[in-house]
Amino acid sequence: MRNWAGAFARFLGQERDNGDPTESVIRTMRSARTLLVLVDGIERLRNRVDTEQAFQFLDLISEETGATVVCCGRTAHAIADAQLRDTDTPLDRQDPAPWSDTVVLRTSRIGFSEKETETFVTVVDQFDRILRLYRHERKDLTHLAPYLHKRSRGYMRTLSHLICQGAQSAILNGQERITEALLEQIPLGRVVQL
């Protein structure tokens with residue numbers, strides 16, 4: 001089981017060996033005007049007791065600071081939604097409406113239909129907009145969207161890794177610009193023979 005108060009305290013730079021740091025964590029978050037708490041890897045909560053304790057702490061932090069808690073990870077909706085974790089109350093399979101008011105953002109792969117392809121180009125354009133390489137010109141990456149879509153198969157994690165590794169390679173080789181030729185050299189998602 002994880003000591004959530006201790007984990008938050010360490011993240012905020014509050015090293016302590018004893019006592020409950022919850023009040024100190026809340027004060028620090030209020031002082032910093034924390035608006036968002038992102039918990040990644042929520043699927044690592046293995047048992048019901050650990051999950052309940054984690055969400056009791058996260059609920060307390062949210063109530064006391066006003067920060068929004070966002071949980072990410074595989075099956076995050078089923079883990080984060082208290083009503084879905086409630087195994088004592090049977091779900092009504094006839095009711096197609098969501099069972100609770102937990103907001104869900106699904107980040108599945110973007111397919112290859114015309115509308116999905118347009119969405120993918122928009123996502124790549126956002127990467128293009130914030131990319132900072134010395135010789136990068138606006139729309140360089142956007143023009144590579146069809147290649148990136150095919151190479152990433154529409155998975156955001158793969159796309160992000162591909163662009164990040166491409167940028168690192170461009171910096172290391174002095175090219176300072178992402179090109180298809182450069183991306184072809186990145187073995188992401190490919191079998192590498194050693």
Side-chain angles (χ1 to χ4, degrees), residues 2 7-15 25 28-45 58 61-62 65-77 79-80 102-194:
R2 182 162 188 130
F8 269 66
R10 281 189 301 281
F11 181 81
L12 295 170
Q14 301 174 353
E15 296 296 329
V25 166
T28 301
M29 289 176 67
R30 280 183 185 156
S31 174
R33 295 189 175 119
T34 303
L35 300 176
L36 181 68
V37 175
L38 180 63
V39 181
D40 196 10
I42 200 72
E43 74 276 3
R44 292 186 187 130
L45 295 173
L58 294 173
I61 291 295
S62 180
T65 65
T68 299
V69 176
V70 176
C71 298
C72 305
R74 291 182 178 91
T75 68
H77 181 229
I79 296 167
T102 300
V103 178
V104 178
L105 174 62
R106 298 192 189 278
T107 54
S108 58
R109 83 186 263 283
I110 297 176
F112 290 89
S113 72
E114 188 175 327
K115 184 173 172 99
E116 289 171 310
T117 299
E118 289 173 14
T119 300
F120 191 85
V121 171
T122 302
V123 170
V124 172
D125 192 60
Q126 293 302 310
F127 275 100
D128 187 282
R129 189 176 54 78
I130 62 172
L131 186 61
R132 297 291 179 259
L133 292 172
Y134 184 70
R135 291 188 182 90
H136 174 73
E137 293 180 17
R138 183 72 170 99
K139 300 291 184 184
D140 277 353
L141 213 52
T142 307
H143 293 308
L144 293 172
Y147 170 82
L148 291 166
H149 198 181
K150 182 178 176 185
R151 183 80 190 275
S152 69
R153 297 184 181 150
Y155 288 101
M156 292 298 101
R157 180 181 211 144
T158 307
L159 174 67
S160 177
H161 284 267
L162 193 57
I163 292 171
C164 290
Q165 288 184 24
Q168 291 170 14
S169 294
I171 291 167
L172 291 173
N173 72 15
Q175 186 175 340
E176 291 286 333
R177 192 173 195 183
I178 296 177
T179 63
E180 187 173 333
L182 181 133
L183 291 171
E184 272 296 308
Q185 297 172 14
I186 296 172
L188 185 68
R190 296 179 174 168
V191 176
V192 178
Q193 299 291 334
L194 298 177

Contacts satisfying side-chain hydrogen bond (donor to acceptor under 3.5 Å, both in side chains) that involve residues 165-174 (not counting sequence neighbours) are Asn173-Gln175
Is it true that atom [atom1] of [X] has more than 12 heavy atoms of other residues, nucleotides or ligands lying nearer than 6.0 Å?
X: Arg138; atom1: CZ; value: yes
X: Arg30; atom1: CZ; value: yes
X: Phe112; atom1: CZ; value: yes

Under 3.5 Å donor-acceptor, Ser152 side chain and Gly154 backbone | yes
Item to check | Asp128 side chain to Lys139 backbone, donor-acceptor under 3.5 Å | outcome: yes
How far apart are the closest heavy atoms of [X] and [Y], and which atoms are they?
X: Gln126; Y: Arg129; result: OE1-NH2, 2.8 Å
X: Val37; Y: Ala67; result: CG2-CB, 4.1 Å
X: Ala167; Y: Leu131; result: CB-CD1, 4.2 Å
X: Val69; Y: Val39; result: CG1-CG2, 4.4 Å
X: Ile178; Y: Leu144; result: O-CD1, 3.9 Å
X: Leu183; Y: Gly166; result: CD2-CA, 4.1 Å

### Modelled atom types, side-chain donor and acceptor of Ser113 and Glu116, under 3.5 Å
yes
Less than 4.5 Å apart, any side-chain heavy atom of [X] and any of [Y]?
X: Leu159; Y: Ile110; answer: no
X: Arg33; Y: Thr65; answer: no
X: Val25; Y: Met29; answer: yes
X: Leu182; Y: Thr179; answer: yes
X: Thr34; Y: Ile61; answer: no

Taken to the nearest 0.5 Å, the spacing of Glu137 CD from His143 NE2 works out to 9.5 Å
Distance col, row Thr142:OG1 vs Asp125:CG, nearest 0.5 angstrom, shows 3.5 Å
So ring-ring contact (aromatic ring centres under 6.0 Å, His included) across residues 118-137, not counting sequence neighbours, yields Phe120-His149
Pairing of Arg177 and Asp140 as salt bridge, 4.0 angstrom limit:
yes
**OP:** Would you check, one step at a time, whether the test side-chain contact (heavy atoms from CB on, under 4.5 Å) holds for Ile42 with Asp40?
**Re:** CA-CA 6 Å; Ile42 200 72; Asp40 196 10; over 6 Å; no
